[in-house]
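Here the structure comes first, spelled out in structure tokens, and everything after it is commentary.
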2 protein chains.
Amino acid sequence: MADLLSVAKLAGVSRATAARAFSNPDLVRPATRERVFNAAQQLAFRPNKVAQQLRSQATQMIGVMVPSLDNPVFAEQLQAMEVAARASGYSLIVTTSEYSPSREGDIVEEMLRQRVDGLVLTVAEADSSAVLEKLRLEKTPCLLVYNPPGNSGFPSIGVDNRAASADATRYLITLGHQRIGMVAGPLLQSDRARQRFDGYCHAMREAGLIARPLVEMTRHTQADLKSLTPALQGPEALSAVICTNDLLAISLMGELQRAGFNVPGDLSVMGFDGIALGKHLYPSLCTIEQPRADIGRTAVHTLLAMIRGEKCTPAPLPHALRKGESVGIPASRKSTLSTL
Amino acid sequence: MADLLSVAKLAGVSRATAARAFSNPDLVRPATRERVFNAAQQLAFRPNKVAQQLRSQATQMIGVMVPSLDNPVFAEQLQAMEVAARASGYSLIVTTSEYSPSREGDIVEEMLRQRVDGLVLTVAEADSSAVLEKLRLEKTPCLLVYNPPGNSGFPSIGVDNRAASADATRYLITLGHQRIGMVAGPLLQSDRARQRFDGYCHAMREAGLIARPLVEMTRHTQADLKSLTPALQGPEALSAVICTNDLLAISLMGELQRAGFNVPGDLSVMGFDGIALGKHLYPSLCTIEQPRADIGRTAVHTLLAMIRGEKCTPAPLPHALRKGESVGIPASRKSTLSTL
DNA sequence: AGATGCAATGAGATCGATCTCATTTATTAG
DNA sequence: CTAATAAATGAGATCGATCTCATTGCATCT
């Protein structure tokens with residue numbers, strides 16, 4: 001690969017002048033500039049970013065770590081981040097952690113060695129994350145996405161999970177649901193899931209209803225009906241459930257329907273995330289829409305501001321309740337209505 | 001950030017020795033080595049990859065360009081690539097092209113400037129791609145994913161689209177379908193979609209059936225029922241359709257059901273890709289499963305081999321027919337069966 | 001003891017671009 | 001036409017790690 005020096009030689013100038021022809025053309029006499037450009041053309045010169053990065057002590061690279069790209073929520077956010085980053089001349093190094101703390105640690109260390117200009121992370125537990133603990137001592141700007149700000153000390157981009165979840169619950173209550181449950185992955189492992197459960201509990205209590213204990217599925221994004229069926233039987237059978245994420249909701253709907261339940265007739269199902277696909281299903285998924293693309297864009301712009309040295313305390317982004325066919329009026333209420 | 005030189009000074013050795021302590025510990029006396037390590041510890045030394053990259057003329061970075069991360073097919077492949085790459089000490093720079101030739105060009109140029117060790121690309125049309133044309137002149141290893149090998153001259157990882165599509169068609173025929181159509185995005189714009197249509201036509205002709213003209217939707221991954229309804233009416237109404245990708249199939253199912261059609265009762269719907277979500281829907285999506293994760297892994301391993309200088313002519317990966325509830329026995333045949 | 005050999009270390013160049021500062025060349029004023 | 005000023009260019013250092021080659025130190029052998 002031709003380097004600047006060979007271009008300079010061919011053009012009969014010094015490296016400095018050749019460099020200037022590109023970075024500061026006004027400082028170079030037009031005739032000289034042309035000779036340099038011609039030489040560059042002939043030699044198929046392509047500037048070496050690695051050398052520029054070393055010299056300038058800036059890589060124009062952002063390190064991104066998400067739990068998994070198999071969940072469209074992260075993929076859709078990443079898509080927007082990539083567009084925003086490139087529009088600003090930045091590239092993304094993308095990694096996935098699967099929420100494994102050791103992988104999180106390795107990944108971040110690797111990215112710091114790569115001297116990324118900043119980091120955008122989504123961790124399992126922002127408040128108790130070893131990797132964030134370590135990052136607190138570093139000067140590399142770091143931004144969280146989806147993780148609630150909490151007391152991690154890092155700025156965070158995302159919605160107000162508690163409020164969003166409360167909104168979802170209130171919506172179901174407004175429709176007449178009273179026996180509402182919440183379905184989550186195992187152990188309520190992420191800080192977000194916990195906040196969403198809190199919001200649910202809050203809205204239930206607020207309406208004078210009893211919040212049910214969490215229904216835990218064996219996997220984070222895939223429903224197993226067995227874990228839920230107990231809650232669907234007897235006089236206290238649930239009439240609606242809120243899932244802590246859309247994938248869980250979608251697979252739960254599938255399982256329910258396959259088992260002969262009607263959604264929303266027998267059980268209303270609500271999701272959380274707002275992945276694009278939910279809109280196109282039948283029944284379409286009623287869910288809380290997190291503005292994934294906006295979150296991604298905002299994350300990039302906020303991080304770039306931090307890289308420029310600005311202090312950032314981003315506000316939560318607005319969520320929206322996306323109505324959908326997976327939620328209906330509870331059977332009990334329907335019969336009441338029909339007797340009017 | 002502490003550099004090797006400061007570590008060396010603190011340890012009372014030269015840069016060369018300090019460097020050796022890390023890269024070639026056996027060449028350094030244990031006592032000296034310890035002093036270097038201690039110094040590194042104290043100064044929180046973190047090796048600078050940029051400098052290493054410049055010096056070694058290798059970045060251990062792979063440039064990845066996919067059309068979009070909003071389609072799980074690419075996200076799932078990327079997930080696997082990331083894991084495989086990191087396991088081999090490589091990082092991924094991830095970009096999205098939206099199939100725009102100008103963005104493709106910019107992206108690849110940018111990655112070449114970054115001196116990625118290799119490229120993994122998915123383009124719209126491998127045979128007529130300007131960016132591939134240019135890459136043919138470069139020495140940076142380049143690998144295609146999902147694009148049929150064709151005569152682009154680049155190795156390619158993916159399934160045999162024509163055969164896979166023919167298999168899908170034959171499966172429907174086996175079930176008794178005869179009026180089978182194919183549904184695609186606008187213009188049949190990708191080389192894959194075209195091959196899939198070819199395979200469909202081939203299997204139809206092979207069975208003595210007439211291949212219908214392609215039904216074009218206005219968008220690539222979202223169905224509009226209006227475009228399809230004409231084909232669902234009259235004596236020649238289709239009993240089954242194959243969509244060129246899963247997102248299209250899923251949204252089509254949704255639209256059909258919303259419009260009062262029964263799937264598969266009134267129309268069997270088949271997809272192509274095998275995204276994970278399809279399994280969990282109801283009706284579950286019958287589709288051709290491309291081994292997305294395997295494709296991603298193989299792409300990384302093949303590219304690494306190419307980087308090592310090996311010649312690679314990867315064979316197509318096996319596809320599989322994933323049966324699903326979205327496909328059933330045609331109504332005509334059912335009535336025949338019931339009269340037996 | 002002197003020579004031979006190996007182990008351990010250091011000095012300096014290198015990767016490619018860019019910045020500072022000095023120097024040369026061109027321009028304008030007097 | 002020369003002095004003063006501005007414009008254009010070059011020499012060399014720098015970013016951080018690593019490699020080659022030379023040198024020092026120590027031990028073994030005769």
Side-chain angles (χ1 to χ4, degrees), chain A residues 1-37 39-40 43-61 89 109-117 139-140, chain B residues 1-37 39-40 43-61 89 109-117 139-140:
Chain A
M1 175 86 13
D3 63 354
L4 241 195
L5 182 53
S6 23
V7 171
K9 277 186 192 154
L10 180 56
V13 298
S14 69
R15 282 171 311 167
T17 301
R20 262 187 293 255
F22 292 103
S23 59
N24 226 338
D26 307 328
L27 297 182
V28 176
R29 202 191 319 179
T32 315
R33 201 191 306 156
E34 277 313 307
R35 266 186 298 139
V36 173
F37 289 166
L43 299 176
F45 169 68
R46 177 174 290 134
N48 187 325
K49 277 216 144 203
V50 176
Q52 292 175 328
Q53 288 162 352
L54 177 60
R55 173 66 227 227
S56 68
Q57 300 289 83
T59 51
Q60 313 245 96
M61 300 208 299
E109 175 63 24
E110 171 72 12
M111 287 175 160
L112 291 176
R113 293 185 175 196
Q114 184 58 60
R115 298 297 192 271
V116 294
D117 290 343
K139 77 283 136 249
T140 305
Chain B
M1 175 88 9
D3 62 352
L4 240 195
L5 183 52
S6 23
V7 170
K9 278 186 193 152
L10 180 57
V13 300
S14 69
R15 283 171 310 169
T17 302
R20 263 187 292 253
F22 291 104
S23 59
N24 227 335
D26 305 327
L27 297 183
V28 176
R29 200 189 319 176
T32 315
R33 201 191 305 154
E34 278 314 306
R35 267 186 299 138
V36 173
F37 289 167
L43 299 176
F45 169 68
R46 177 174 291 132
N48 187 324
K49 276 215 143 202
V50 176
Q52 291 176 330
Q53 288 164 351
L54 177 60
R55 174 66 228 226
S56 67
Q57 300 289 80
T59 51
Q60 314 246 98
M61 300 207 300
E109 176 63 24
E110 170 72 13
M111 287 175 159
L112 291 176
R113 294 185 175 196
Q114 183 57 61
R115 298 298 192 270
V116 295
D117 290 344
K139 78 284 136 248
T140 303

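Given the structure is predicted, the values throughout are model-derived calculations rather than measurements. In the text below, chain A, chain B and the rest are named by the order of the sequence lines, each starting its count at 1.
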Self-check item: side chain to side chain donor-acceptor pair (under 3.5 Å) pairs, two or more places apart, involving residues 5-19 of chain A
Solution: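 Matches after skipping sequence neighbours: Asp3(A)-Ser6(A), Ser14(A)-Thr17(A).
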Round to a whole Å and report the spacing from [atom1] of [X] to [atom2] of [N].
X        : N       : atom1 : atom2 : answer
Leu27(A) : dC21(C) : CG    : C1'   : 14 Å
Lys9(A)  : dG10(D) : NZ    : P     : 14 Å
Arg35(A) : dA8(D)  : CZ    : C1'   : 12 Å
Asp26(B) : dA7(C)  : CG    : C1'   : 12 Å

Quiz prompt | Bend angle of the helix from dA1(C)-dT30(D) to dG30(C)-dC1(D), from helix axes over five pairs at each end, nearest 10° | solution =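 About 50° separates the two local helix axes.
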Quiz item: Would a 4.5 Å heavy-atom cut-off, applied to side chains only, mark Met61(A) and Arg115(A) as touching?
Solution: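 No, too far: nothing below the 4.5 Å cut-off.
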Self-check item: Close side-chain approach of Val28(B) and Val36(B), heavy atoms under 4.5 Å
Solution: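 No; the side chains remain at least 4.5 Å from each other.
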When you compare the protein's N or O atoms with those of nucleotides 14-18 of chain D, which come within less than 3.5 Å of each other, and at what distance?
from: dT14(D); atom 1: O2; to: Arg55(A); atom 2: NH1; distance (Å): 3.0
from: dC15(D); atom 1: O3'; to: Gln57(A); atom 2: OE1; distance (Å): 3.4
from: dC15(D); atom 1: O3'; to: Gln57(A); atom 2: NE2; distance (Å): 3.2
from: dG16(D); atom 1: OP1; to: Gln57(A); atom 2: NE2; distance (Å): 3.0
from: dG16(D); atom 1: N2; to: Ala51(B); atom 2: O; distance (Å): 3.4
from: dA17(D); atom 1: OP1; to: Asn48(B); atom 2: N; distance (Å): 3.2
from: dA17(D); atom 1: OP2; to: Leu4(B); atom 2: N; distance (Å): 2.4
from: dT18(D); atom 1: OP1; to: Gln52(B); atom 2: NE2; distance (Å): 3.0
from: dT18(D); atom 1: O2; to: Arg55(B); atom 2: NH1; distance (Å): 2.3

Working to the nearest 0.5 angstrom, can you tell me the gap between [X] [atom1] and [Y] [atom2]?
X        : Y         : atom1 : atom2 : result
Gln60(A) : Gln114(B) : CD    : CD    : 10.0 Å
Arg20(A) : Asp26(A)  : CZ    : CG    : 12.5 Å
Arg35(B) : Arg29(B)  : CZ    : CZ    : 8.0 Å
Leu5(A)  : Leu43(A)  : CG    : CG    : 11.0 Å

Quiz item: Does OP1 or OP2 of dT9(C) have a side-chain N or O of Thr17(B) closer than 4.0 Å?
Solution: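 The answer is no; no side-chain N or O of Thr17(B) sits under 4.0 Å from OP1 or OP2.
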Practice problem: Please name the pair of heavy atoms, one in Leu54(A) and one in Val50(B), separated by the smallest distance, quoted to 0.1 Å. | Solution: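 Residues Leu54(A) and Val50(B), closest heavy atoms: N-CG1, 3.6 Å.
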Quiz prompt | Heavy-atom closest pair, residues Val13(A) and Ala18(A) | solution =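 Taking Val13(A) first and Ala18(A) second, the nearest heavy atoms are CG2-N, 4.1 Å.
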Protein-nucleic acid N or O pairs under 3.5 Å, nucleotides 5-7 of chain D:
none

Quiz item: Taking only residues two or more places apart in sequence, or in another chain, which ones meet Glu109(B) in a salt bridge (Lys or Arg N to Asp or Glu O under 4.0 Å)?
Solution: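 Scan of Glu109(B) (salt bridge (Lys or Arg N to Asp or Glu O under 4.0 Å), adjacent residues dropped) gives Arg46(A), Arg113(B), Lys134(B).
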Quiz item: In chain order, what residues pass the ring-ring contact (aromatic ring centres under 6.0 Å, His included) check against Phe22(B), with sequence neighbours excluded?
Solution: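 Testing Phe22(B) for ring-ring contact (aromatic ring centres under 6.0 Å, His included), a comparison that skips the adjacent residues, returns Phe37(B), Phe45(B).
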